[in-house]
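For clarity, every value in this text was computed on a predicted model and none was experimentally measured.
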There are 2 protein chains.
Amino acid sequence: MRRTKQREVILDELVKLRTHPSADELYGRVKKRLPRISLGTVYRNLEILSREGIIRRLETAGSQRRFDGDTGDHQHIRCVSCGCIDDLAAGADRARCDALVAKGTGYRVLGRRVEYLGICPSCRKKSGGS
Amino acid sequence: MRRTKQREVILDELVKLRTHPSADELYGRVKKRLPRISLGTVYRNLEILSREGIIRRLETAGSQRRFDGDTGDHQHIRCVSCGCIDDLAAGADRARCDALVAKGTGYRVLGRRVEYLGICPSCRKKSGGS
DNA sequence: TCAATAATAGTAACTATTCCTGAAAATGTA
DNA sequence: TACATTTTCAGGAATAGTTACTATTATTGA
Ligand SMILES: [Mn+2]
Ligand SMILES: [Mn+2]
Ligand SMILES: [Zn+2]
Ligand SMILES: [Zn+2]
């Protein structure tokens with residue numbers, strides 16, 4: 001992976017933002033510093049950077065993909081009204097946690113979404129893995 | 001909301017599937033029974049049915065939207081290899097839960113994704129709500 | 001310095017979804 | 001029944017987000 005001006009600026013802008021921007025939002029920021037950059041370059045570099053583990057691609061619902069310059073272990077809270085996403089310290093412990101999260105973020109907590117990730121029985125069989 | 005043949009068949013196929021299909025997959029099924037139906041109609045009816053609370057629109061990551069005929073409170077587990085989504089009984093309790101989930105589903109559990117949902121401070125201010 | 005290689009800008013293509021339009025079906029009224 | 005009103009329909013165009021392609025430019029290493 002080469003060091004290019006574009007990649008540097010994209011990473012720099014993402015890391016200094018704490019707002020989990022979409023490619024498009026980031027493109028807007030980066031363009032102020034590199035007016036000739038294209039949206040495709042932003043997408044390509046976000047893809048490369050997340051593949052390398054330098055940034056994190058958020059696996060959240062919604063039509064637009066979002067990215068996070070913080071690769072540390074943490075969860076997120078999303079506003080059901082405006083769609084913004086804020087950080088949550090790692091570790092959370094069910095119902096009474098809602099109060100802690102609310103206190104920590106200022107959000108009114110309405111619910112939480114939990115999705116487990118793994119390898120399904122049929123895929124385990126196919127790849128012969130344990 | 002009127003009762004139409006199309007809506008009836010879409011709902012029937014969704015409820016009897018336990019696979020959380022995308023609109024497209026469901027369209028394939030429904031077309032066998034109603035060969036003249038269009039994908040647009042499937043989308044429109046899934047939208048109407050979920051607005052009425054008769055079905056559930058899954059808020060999962062991934063490029064395609066998925067739907068669930070089961071509106072009861074439950075979480076999901078997704079295979080990171082093939083992308084399939086299975087049900088999880090409601091209620092889960094952190095780390096040692098992974099073992100329970102693995103036992104219950106046959107998955108190899110790799111992780112979990114927790115996202116809280118709520119109203120952010122700035123939206124609370126705007127709408128004057130508590 | 002200079003060829004080899006990787007990345008870029010610009011744009012076309014692609015995919016999932018929504019929107020639009022005129023026709024058909026369902027429903028209400030008499 | 002007959003007709004008007006409303007809802008939903010199929011089909012296709014439009015849109016949004018993303019990826020792929022291509023000719024050009026920048027970076028790298030000998
Ligand atoms: Mn974050
Ligand atoms: Mn389910
Ligand atoms: Zn908000
Ligand atoms: Zn699988």
Side-chain angles (χ1 to χ4, degrees), chain A residues 1-14 17 19-68 78 82-85, chain B residues 1-14 17 19-68 78 82-85:
Chain A
M1 191 177 58
R2 278 187 184 159
R3 242 165 85 316
T4 69
K5 188 70 193 159
Q6 288 86 344
R7 187 162 300 162
E8 225 166 64
V9 173
I10 289 167
L11 179 57
D12 180 62
E13 287 292 331
L14 176 59
L17 273 177
T19 57
H20 313 87
S22 65
D24 197 61
E25 285 165 32
L26 206 47
Y27 172 59
R29 300 260 175 175
V30 171
K31 205 153 66 167
K32 287 179 187 158
R33 289 168 61 181
L34 303 171
R36 297 190 49 72
I37 201 170
S38 75
L39 179 58
T41 299
V42 175
Y43 271 109
R44 190 168 356 90
N45 279 290
L46 289 171
E47 174 59 30
I48 291 166
L49 289 167
S50 62
R51 209 169 46 219
E52 300 281 328
I54 296 162
I55 66 170
R56 176 174 165 193
R57 180 156 82 184
L58 295 190
E59 301 274 323
T60 53
S63 57
Q64 264 181 291
R65 193 166 291 178
R66 285 166 173 276
F67 299 85
D68 194 339
R78 170 207 298 267
C82 70
C84 74
I85 294 181
Chain B
M1 190 179 58
R2 281 188 182 157
R3 242 164 86 314
T4 70
K5 187 71 190 160
Q6 287 87 347
R7 189 163 299 162
E8 226 166 64
V9 173
I10 290 167
L11 180 57
D12 180 62
E13 287 293 330
L14 176 58
L17 275 176
T19 58
H20 313 86
S22 66
D24 198 60
E25 284 164 31
L26 206 47
Y27 172 58
R29 300 260 176 177
V30 169
K31 204 153 67 168
K32 288 179 188 158
R33 289 168 62 181
L34 302 173
R36 298 189 50 71
I37 201 170
S38 76
L39 179 58
T41 299
V42 174
Y43 270 108
R44 186 168 0 90
N45 279 289
L46 288 171
E47 174 58 31
I48 291 167
L49 288 166
S50 63
R51 209 170 47 219
E52 300 283 327
I54 296 163
I55 66 170
R56 177 173 163 193
R57 182 156 80 184
L58 294 190
E59 300 275 323
T60 53
S63 57
Q64 267 181 289
R65 191 165 292 178
R66 285 167 174 275
F67 298 86
D68 195 340
R78 171 206 299 266
C82 69
C84 73
I85 295 182

message = Angle between the end axes of the helix from C:dT1-D:dA30 to C:dA30-D:dT1, five pairs per end, to the nearest 10 degrees?
response =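 Its terminal axes enclose an angle near 30°.
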Looking at residues at least two apart in the chain, or sitting in another chain, which of them share a side-chain contact (heavy atoms from CB on, under 4.5 Å) with [X]?
{"X": "A:R7", "value": "A:M1, A:T4, A:N45, A:I48, A:L49"}
{"X": "B:R56", "value": "B:L58, B:D68, B:T71, B:H74, B:H76"}
{"X": "A:T19", "value": "A:L17, A:P21"}
{"X": "B:K5", "value": "B:E8, B:V9, B:L34"}

Reported CZ-to-CD1 distance for the pair B:R78 and B:I85, which is rounded to 0.5 angstrom =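 Taking CZ in B:R78 and CD1 in B:I85, the distance rounds to 4.5 Å.
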message = Going 5' to 3' along DNA chain C, between which two nucleotides do contacts with chain B fall, using a heavy-atom cut-off of 4.0 Å?
response =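 Span of nucleotides near chain B: C:dA16 to C:dT27.
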Side chain to side chain donor-acceptor pair (under 3.5 Å) against B:D12, all qualifying residues, sequence neighbours excluded =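 B:D12: side chain to side chain donor-acceptor pair (under 3.5 Å) contacts with B:R33.
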query = Heavy-atom distance under 4.5 Å between the side chains of B:L14 and B:L46, does that happen here?
reply =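 Result yes, sub-4.5 Å side-chain heavy-atom pair found.
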query = Closest to the B:Q6 side chain: D:dT8, D:dA10, D:dT18?
reply =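 Shortest atom-to-atom distance from the side chain points to D:dA10.
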key: Qualifying salt bridge (Lys or Arg N to Asp or Glu O under 4.0 Å) pairs with a residue from residues 20-31 of chain A, counting only residues at least two apart or across chains   =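 As it turns out, there is no salt bridge (Lys or Arg N to Asp or Glu O under 4.0 Å) pair with a partner in residues 20-31 of chain A once direct neighbours are skipped.
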Protein-nucleotide distance (A:R3, atom CZ; D:dG29, atom P), rounded to Å =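 From A:R3 CZ to D:dG29 P: 11 Å.
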ask   = Quick one: B:I10 CD1 to D:dT8 P, roughly how many Å, whole number?
value =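 For the pair B:I10 CD1 and D:dT8 P, the rounded distance is 12 Å.
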key: Strand contacts (DNA chain D) in residues 41-64 of chain A, 4.0 angstrom heavy-atom criterion   =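 Here the set is A:Y43, A:S63, A:Q64.
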Of residues 31-39 of chain B, the positions that come close to DNA chain D - non-hydrogen atoms, cut-off under 4.0 Å =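 Nucleic-acid contacts, sorted: B:R36, B:I37, B:S38.
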Under-3.5 Å N/O pairs linking protein and nucleotides 23-26 of chain D:
none

key: First of B:A23 and B:K5 reached from the 5' end of DNA chain C, by closest nucleotide   =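 Final value for this comparison: B:A23.
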task = Tell me which of B:T4 and B:R66 sits closer to the 5' end of DNA chain C, going by the nucleotide each one is nearest to.
result =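 Closest to the 5' end, via its nearest nucleotide, is B:R66.
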Output a table of donor-acceptor pairs, distance under 3.5 Å, between side-chain atoms of residues 60-67 of chain B and any protein atom two or more places apart or on a different chain; print 'none' if there are none.
from: B:Q64; atom 1: NE2; to: B:S22; atom 2: OG; distance (Å): 3.2
from: B:R66; atom 1: NH1; to: B:H20; atom 2: O; distance (Å): 2.6
from: B:R66; atom 1: NH2; to: B:G83; atom 2: O; distance (Å): 3.4

key: Shortest non-hydrogen contact between B:V42 and B:Y27, atoms and distance   =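 Shortest heavy-atom separation between B:V42 and B:Y27 comes out as CG2-CD1, 3.9 Å.
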